[in-house]
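Residue numbers start from 1 in every chain, and the chains themselves are labelled A, B, ... in the order their sequence lines are given, proteins ahead of strands.
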2 protein chains.
Amino acid sequence: MLSIAAIIVGNEVLSAKVVDVNGPHAARRARELGIDLRRIVVVRDTVEEIADEVARCSASHDWVFTSGGVGPTHDDLTLLGIAQALGRPLVEDPALAALIRQKLGAGANAEALRMAAVPEGSVLWVVEGLSFPQVVCGNVLPLPGVPSLFRRRFDALALRFAGVPVQSARVVTRQSEPAIAAGLRQLQARYPGVEIGSYPQFDEQPWTVSVTLDARDGAALAACRAELLQLLDPAELVSG
Amino acid sequence: MLSIAAIIVGNEVLSAKVVDVNGPHAARRARELGIDLRRIVVVRDTVEEIADEVARCSASHDWVFTSGGVGPTHDDLTLLGIAQALGRPLVEDPALAALIRQKLGAGANAEALRMAAVPEGSVLWVVEGLSFPQVVCGNVLPLPGVPSLFRRRFDALALRFAGVPVQSARVVTRQSEPAIAAGLRQLQARYPGVEIGSYPQFDEQPWTVSVTLDARDGAALAACRAELLQLLDPAELVSG
């Protein structure tokens, strides 16, 4: 299974002008496709912070998606950050410049052609479903931040990275976390391939705890769920 | 102005079981209070990843808030991660253990008392509006992930870090980003104290670009806005 990280280049998110929807979209699609999204980071629009985070994510994930900062204005710094992270200069990609000229016609001024500057050694992927090719810098895939454009491009690219989707189960109990913690700890030790999560809710009476199980192996999931139901008090079970 | 980072310890966010609302809440309140939220990171529930991110954020921000992973179950690893980041062992805080015993009564079993284990050298802050004190480990403030609890605690703590709030303006034009990029770049150079953002929207016709201005100095904001309106084409202005 491939691991990915999502870097949201987002002054507008950090300053609460908008709520990020690209990270949650990536999480949903990654889950559906069996891709291991390990990290979502919202960073400021500065070359240093983008570069720092890209370098870190690039080294520890199979693929890194960035969102935003790929337009022609002064606050579009993502490609510069990626170039710095990879230790490569920005150079004009002639094929990309030609595509921008073709798309924008008379509007393809010097500012527009800044969008053709990519880290040296980048390649252009032709991807089914996308009319414009994808710039790929090492293992980094810069995507636009506009949500509709991000979604279309992320979905088309993520299909290439699909693996075995995770299966899930959820059991809800009125028992408290301290009351079930020892049992859950032992259960987790017996089922290392099942990820067991415990999430209390205190907003509505009665307080409950949701125990979630996630696994790629359906048989292990079923066996773990059966044992979980054994260790919980049937009288306090809400659903399961 | 104080800088902060928010670390969301969140397998459940990365696996798309829930959409994080604590990061966006922190962003909104930080903006209202004049606190500089510089980074929101969603990491997996592993000691290594929590420790790695806490160490990094702690070194480069005044205060670091974490969300989640502070309960008594096996997947509650935030305090362990903070301890590792700070290079300190986990030790039982006697005052915290006494509070847990008092709160839970007969339910204060060994599992519940795990919640009294904090990085050595941590202190407990008494905070107005919070019935339970806040654990403070160096400059790291571990908060619960349950949204209602996170919000109440974040809001009470953030009041202590309040500064001068940012003022904002927004101008919307039908001109394209390439058409206005050179002007914006020069404007940004003349007003280093104003953060100028440019955000295209392609979802509805006509396509527009929102130019946002953010500054703590109201006079600089007004002057920058006046110059911005000068450089845009009045015939293409949507609002401003």
Side-chain angles (χ1 to χ4, degrees), chain A residues 8 11-20 23-24 27-28 30-31 37-45 49 71-76 104 107-112 114 145-149 166 168 176-182 184-185 188-189 195-203 212 214, chain B residues 11-20 23-24 27-28 30-32 37-45 49 71-76 104 107-112 114 145-149 166 168 176-182 184-185 188-189 195-203 212 214:
Chain A
I8 314 298
N11 273 0
E12 72 278 27
V13 173
L14 293 169
S15 65
K17 287 198 194 78
V18 302
V19 171
D20 172 49
R28 275 191 302 276
R31 180 182 179 84
L37 174 64
R38 292 195 178 169
R39 185 176 174 82
I40 302 172
V41 190
V42 186
V43 299
R44 290 191 299 173
D45 303 10
E49 293 192 46
T73 54
H74 65 283
D75 58 341
D76 289 310
L104 297 188
N109 61 11
E111 298 293 336
R114 283 172 179 271
V146 175
S148 58
L149 304 184
V166 167
S168 296
S176 75
E177 280 200 312
I180 64 174
L184 290 184
R185 195 177 307 275
Q188 180 67 86
E195 185 181 292
I196 305 178
S198 173
Y199 302 101
Q201 76 79 15
F202 301 113
D203 285 348
T212 62
D214 288 277
Chain B
N11 274 0
E12 72 278 25
V13 173
L14 294 169
S15 64
K17 286 198 195 77
V18 301
V19 171
D20 171 50
R28 274 190 304 275
R31 180 183 179 85
E32 290 163 2
L37 174 64
R38 291 196 179 170
R39 184 175 177 82
I40 302 171
V41 189
V42 186
V43 299
R44 290 192 298 171
D45 302 10
E49 293 190 46
T73 55
H74 65 283
D75 58 339
D76 288 310
L104 297 187
N109 61 11
E111 298 293 334
R114 285 174 178 270
V146 175
S148 59
L149 304 185
V166 167
S168 295
S176 74
E177 279 201 311
I180 65 175
L184 290 184
R185 195 177 306 275
Q188 179 68 84
E195 186 180 292
I196 305 177
S198 172
Y199 302 101
Q201 76 79 16
F202 301 114
D203 284 349
T212 62
D214 287 278

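With a threshold of 4.5 angstrom between heavy atoms, B:Asp20 does not approach chain A through any atom at all. Using a 4.5 Å cut-off between heavy atoms, A:Glu177 contacts chain B through both its backbone and its side chain. With a 4.5 angstrom heavy-atom cutoff, A:Ser176 does not touch chain B via any of its atoms. Within the 4.5 angstrom heavy-atom criterion, atoms from both the backbone and the side chain of B:Pro200 approach chain A. Interface residue B:Ala179: only backbone heavy atoms are found under 4.5 Å from chain A.
Among A:Leu37, A:Ile40, A:Val41, the residue with the largest count of heavy-atom pairs under 4.5 Å with chain B is A:Ile40. Considering only heavy-atom pairs separated by less than 4.5 Å from chain A, the leading option among B:Asn11, B:Leu14, B:Ile180 is B:Leu14. Looking only at heavy-atom pairs under 4.5 Å with chain A, the residue among B:Ser198, B:Ser148, B:Pro24 that has the most is B:Ser198. For chain A, the option among B:Asp45, B:Val166, B:Asp214 with the highest count of heavy-atom pairs below 4.5 Å is B:Asp214. Considering only heavy-atom pairs separated by less than 4.5 Å from chain A, the leading option among B:Ala189, B:Ser168, B:Ala182 is B:Ala182.
A:Val43 has its side chain within reach of B:Arg39: a pair of non-hydrogen atoms, C-beta onward, lies under 4.5 Å apart. Counting heavy atoms from C-beta outward, B:Thr73 and A:Tyr199 have side chains that stay 4.5 Å or more apart. The closest side-chain heavy-atom distance from A:Ile196 to B:Asp75 is not below 4.5 Å.
Heavy-atom minimum distance, B:Gln188 versus A:His74: OE1-NE2, 3.5 Å. When every heavy atom of A:Pro72 is checked against every heavy atom of B:Ala181, the shortest pair comes out as O-CB, 3.6 Å.
A salt bridge links A:Glu111 and B:Arg185; the closest N-O separation between the charged side-chain nitrogens and carboxylate oxygens is under 4.0 Å.
Looking at A:Asn109, its side chain does come within 3.5 Å of a backbone N or O of B:Pro178 through a donor-acceptor pair. In this structure a side-chain-to-backbone donor-acceptor pair under 3.5 Å is present from A:Arg31 to B:Ser15.
Once rounded to the nearest 0.5 Å, the distance linking CD of A:Glu12 with CD of B:Glu195 reads 9.5 Å.
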